[in-house]
There are 2 protein chains.
Amino acid sequence: MPSTIPLNQEITLTVIKTACSNCNLRELCLPFGLSLEELERLDDLISTRRRIKRGDHLYRAGEAFDSIYAIRSGFFKTDVLLEDGRDQVTGFQMAGELLGLDGISTEHHTCNAIALEDSEICAIPFNRLESLSREIHNLQHHFHKVMSREIVRDHGVMMLLGTMRAEERLAAFLLNLSQRFTARGFSHAEFYLRMTREEIGSYLGLKLETVSRAFSKFQEEGYIAVQQKHIRILNVNGLKALMNHRA
Amino acid sequence: MPSTIPLNQEITLTVIKTACSNCNLRELCLPFGLSLEELERLDDLISTRRRIKRGDHLYRAGEAFDSIYAIRSGFFKTDVLLEDGRDQVTGFQMAGELLGLDGISTEHHTCNAIALEDSEICAIPFNRLESLSREIHNLQHHFHKVMSREIVRDHGVMMLLGTMRAEERLAAFLLNLSQRFTARGFSHAEFYLRMTREEIGSYLGLKLETVSRAFSKFQEEGYIAVQQKHIRILNVNGLKALMNHRA
DNA sequence: GCGTTGGCTTGATCCATGTCAACCGGAACT
DNA sequence: AGTTCCGGTTGACATGGATCAAGCCAACGC
């Protein structure tokens, strides 16, 4: 019961702040749909929380896998590196999203997860998550949905990379970000990009110059206002239209 | 016990032929790592088997999801269609692989699954799979690995679409097929493509003409021999080298 | 206040792949 | 055997985005 815990003790305060049951992301994150009692059992499992500074790795490709991670706050990218130096950003993750699902398959992480701003994560030991989800049907089912959602998201990216032109890709990217910010209670129309043009380009299969030119074009057309990393969306429908018409 | 079953009754024969415990794909498929007793419990769950004729849909985007499917024999593609007519092949699946994982997320299928040759599938009711995997730890863990493997595979495709040029993509594609045929006991060096140039192109984010030209180029270089859908790989290392050098 | 640095923008040019079009060859049907 | 059709190949040309290069701007350190 939060009300019975002495709030003047800092360590206790921290406990309150970081429990799933008290986390304002719980509807976006793993706890979705759990009862209060179930939530408390999930709390027990998440013992480790960590701060990751901007630029630091949460994990690296090749490291042994034993936990998945929920982002409490902050912003990450994941990328894959090939021996020949090529790399590809495979995703950008924000608060409430899970990282590390790729590691389950081989028991080793297959990509790098890097914080794009100072972030906080909850480590969820995977074997304990599996055993708890054998007991809590809701947790099991929701976890399966989260994994499946990741597969669907990846299909969307494949679609984007396989069939869209540069401007369509960037429009899709901005609309996706906007929608995810909205789901977290932020403005849908105004936000700061946490990633560089080069990272956007890598994710979208474009060069940074192309990304930059597309931003400028969108600005000329009056769809958005860009100032470095600060984006204001002025005409959502314009961006949507750009994506839906086969040129 | 198979030996006690009267083999002269056709219906019984069918039962033997299609049980997981007697399936020669079990090491590639869901039953991987299960004990004999566990296997029999999995058998109980897989009540529905279906033949899908070449060209027919196993499921369509938008349909309600209730089962995942294991391919017993045959060959499938999955694709996503956009309103504006664009479509993207998101994968090719062969015997022992699972289809339908994308549907868990929203309880509706998000892509189409189409047989590229006459095929046979086992339908696995998903809610029963979940309840069984709450009881059989091995099954649960293996299922998680399979989903995770799909995510890793998708990252590989994103890498391919985002960073590789046409010939690298096709080389990667051929090597991947070769390796999967090998895992199923077929020749690694000689096989028939089940899909058209257009379908390969869609998967690889290329136009069919580009695919065709790349095939011809590989043939000129002596890496492969192509005759329509019949492929012989003459120089695996040549293909591998093509992928690894940043041109 | 000034130089340095990293990220961003913009322009000029090039090239890989798309587009359009003709043709080929095997399979299925008449 | 001839016709049709579908998938594949090949050629000529167009173009979107890559590449190369210069310059700009904001943040930061000295």
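In what follows, every chain begins at residue 1, and chains take the letters A, B, ... in the order their sequences are listed.
Close placement of the A:Phe65 and A:Phe126 rings is indicated, their centers lying within 6.0 Å of each other. Within the 6.0 Å centre-distance limit, the rings of B:Tyr203 and B:Phe92 are counted as a close aromatic pair.
Here the C1' atom of nucleotide C:dA16 and the CG atom of B:Leu161 are 16 Å apart, to the nearest Å. The separation between A:Met164 atom CE and C:dG18 atom C1' is 18 Å, rounded to whole Å. Between B:His230 atom NE2 and D:dT9 atom P the separation is 14 Å, expressed in whole Å. If you measure from atom CD of A:Glu209 to atom P of D:dC24, you get 17 Å, rounded to the nearest angstrom. Distance B:Arg54 CZ to C:dA27 P: 12 Å, rounded to the nearest Å. Per the geometry, CG belonging to B:Leu208 stands 15 Å off C1' belonging to C:dC24, to the nearest Å.
In this structure, A:Ser216 reaches the sugar-phosphate backbone alone: every heavy-atom distance under 4.0 Å involves primed, P, OP1 or OP2 atoms, never a base.
A heavy atom lying under 4.0 Å from DNA chain D marks none of the residues of residues 219-229 of chain A. Of the residues in residues 190-207 of chain B, those placing a heavy atom less than 4.0 Å from an atom of DNA chain C are B:Gly205, B:Leu206, B:Lys207, in numerical order.
No side-chain donor-acceptor contact under 3.5 Å links A:Ser212 to the backbone of A:Leu208. Of the possible donor and acceptor atoms, one in the side chain of B:Arg194 sits under 3.5 Å from a partner among the backbone N and O of B:Tyr192. Counting only distance, with no hydrogens or angles, the side chain of A:Glu120 and the backbone of A:Arg72 share no donor-acceptor pair below 3.5 Å.
Among A:Leu174, A:Ile233, A:Leu242, the one residue that satisfies the side-chain contact (heavy atoms from CB on, under 4.5 Å) test with A:Tyr223 is A:Leu242. Screening B:Lys77, B:Arg149, B:Arg184, B:Arg153 against B:Glu97 for a salt bridge (Lys or Arg N to Asp or Glu O under 4.0 Å) leaves a single residue, B:Arg184.
Residue-to-nucleotide proximity on DNA chain D shows that, of A:Ala166 and B:Phe215, the 5′-proximal contact is made by B:Phe215.
Under 3.5 Å, the side chain of B:Arg213 and the base of D:dG11 form at least one donor-acceptor pair of N or O atoms.
Proximity of A:Thr210 to the phosphate of D:dG17: no side-chain N or O atom is located under 4.0 Å from OP1 or OP2.
Between B:Met164 and A:Leu82 the shortest side-chain heavy-atom distance falls below 4.5 Å.
For A:Arg165, the side-chain atoms get nearest to D:dG17 when compared with the rest of D:dG17, C:dT9, C:dA21.
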* Give the C-alpha distance, both sets of side-chain angles, the deciding distance and a yes or no for side-chain contact (heavy atoms from CB on, under 4.5 Å) between A:Tyr59 and A:Thr78. => CA-CA 10 Å; A:Tyr59 55 79; A:Thr78 46; 4.2 Å; yes
